[in-house]
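The structure appears below as structure tokens.
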Amino acid sequence: MSNQFSDLGIQEQFQQSLVDLNISVPTAIQKKTIPMVLNQKEDVVVLAKTGTGKTAAFGLPLLQLIDLEKDNIQALILAPTRELGQQIYVNLLAFASANPKITIVSLCGGTPVKPQIERLKSTTHIVVATPGRLVDLIERDAIQLNKLNYFVLDEADEMLSALKDEVDAILKVIPKSRRTLLFTATMSGTIKQLVQNYMSKHVVHLEADMETLGHLGIDHQYVVVEPIEKLEVLLHFLSSKAGERGIIFCKTKAAVNKLAKNLAINKFSSGAIHGSLTQGIRDRIMGQFREGHIDILVATDLAARGIDVKEVSYVVNYHLPDTYDAYVHRSGRTARAGAKGLSLTVLQQEEVADIADFEKELGIVFKTFKKADAQSIEENNGLLWARKIFKTKPNRDVSEDFKAKIKTIFHHLTKEELVDKLLTNYLAQNSIDNSKLETPKKRKP
DNA sequence: AAAAAAT
């Protein structure tokens, strides 16, 4: 039984990086994929659930296969979004930390192209790229891929559908003798038929844990709401998730902006990300979410695939995803690396019938999320108002009407209960741990 | 129809 990376053929130098990264036991798909990539023969198509370590499954063996005697680009990894490209790049750097001789370059869009062109004039072994920018660099004759040994498509089904034209253009400048490695969590029939066109060697199909259709760590729930109460139900849910991290998916960029604004008004620790924001803002928000400076990420499907953030305990589909695969990818942002997570889908009455289709297609069973009663919703609104007042600078007028409204909401509580509720809510939403409430220790003179 | 990906 191979229960260590060394048993799979991973060299000592990379194992030290894994120890540093707190990765000890290879996942099922890593056990199958790593030896297959290291054997230097076949092309591979890897199908494995979200959050099962696909990046390490190709990253580790590729790093080991790089010939440091040569100074040409030997491996190319393509990803569908800049954020995912950047994440893969950062992961590879961490895997390779023990061997700084391996040079890895990120060629994603949204950043100045000139420095990338300059960088490509010196030795590069591995490139991680988004397709648009790479095609641009190819057209500028700034990159040489004619000696490439390994061609990796992450999120392969997306790359061969939405980004197929760019992938085809890239294929024209890489050698036919290269090995091709495709990775995905979802693979529709039409894409499956296409895959063969991209392979040049004998193809091995690898799968792990695909016996069950659904991801076992995800608790799927749905809730039916009237359009008018949709936001309030969400706000109540988010209040119950104070101190946890989650991603809320919307269908359009405009809806993301609108919801993010509403969350900000209600003083939730949140940020928005979608394709019409500048890359600077996208990077800043992703960074804040990764570092835990914000708890809630409101996103379009830009963040649906591949994004790996620690301790995301829930995902909300504020609008139904367009496809079954999109549901798999969105919900797969939680319950990663063996953890558990909740995927809550918010529906309107006329969409309830769709749930049965999702269950049938994806082999999952949805539980019904019990919507908060009117009383709890009202109470939560009151708490949110109170929180706004806590967080708003003094001297702002609070109308008598407003005071009266809050009094009505909480009239059934005793003074002690009210103080307790307000404090509990305020402290939880601000993630203040008790240590911060203690008198700060004086620094030594 | 919308989202992503080049400037």
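Seen from the ring of Y222(A), K367(A) does not count as a face-on cation partner, given the 6.0 Å and 45° thresholds. Cation-pi geometry between R333(A) and Y314(A) is not met: the NZ or CZ atom fails to fall both under 6.0 Å from the ring centre and inside 45° of the normal.
Rounded to whole Å, atom P of dA5(B) lies 13 Å from atom CZ of R305(A). Distance CG (L302(A)) to C1' (dA2(B)): 13 Å, rounded to an integer number of Å. Taking atom CG on L84(A) and atom P on dA4(B), their separation rounds to 14 Å, with Å as the unit. The interatomic distance linking D165(A) (CG) with dA3(B) (P) rounds to 20 Å, in whole Å. For M159(A) and dA5(B), the CE to P distance is 11 Å, given to the nearest whole Å. Separating the CG atom of D154(A) from the P atom of dA4(B) is a distance of 18 Å, rounded to the nearest angstrom. Between the NE2 atom of H274(A) and the P atom of dA2(B) there is a distance of 14 Å, given to the nearest Å. Atoms CG (L134(A)) and P (dA5(B)) sit 14 Å apart, rounded to a whole Å.
Taking only side-chain nitrogens and oxygens, R282(A) comes nearer than 4.0 Å to OP1 or OP2 of dA5(B). Between T300(A) and dA4(B) there is a side-chain N or O to OP1 or OP2 distance below 4.0 Å. Taking only side-chain nitrogens and oxygens, K164(A) never comes nearer than 4.0 Å to OP1 or OP2 of dA5(B).
With respect to the salt-bridge test (charged N to carboxylate O, under 4.0 angstrom), the residues K201(A) and E42(A) do not qualify. A salt bridge links R140(A) to D136(A): at least one charged side-chain nitrogen sits closer than 4.0 Å to a carboxylate oxygen.
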**Report entry** Intermediate values then yes/no, side chain to side chain contact (heavy atoms under 4.5 Å, CB included), S343(A) and Q221(A)
**Finding:** CA-CA 6 Å; S343(A) 170; Q221(A) 303 191 17; over 6 Å; no
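Of the residues in residues 316-334 of chain A, those with a non-hydrogen atom less than 4.0 angstrom from any atom of DNA chain B are D322(A).
Taking the ring pair (Phe, Tyr, Trp, His ring centres under 6.0 Å) definition, one finds that F183(A) meets it with F58(A), sequence neighbours left out.
Within the nucleic acid shown, E139(A) comes within 4.0 Å of at least one base atom, counting heavy atoms only.
Remark: aromatic rings of F5(A) and F95(A) are distant, center separation not under 6.0 Å.
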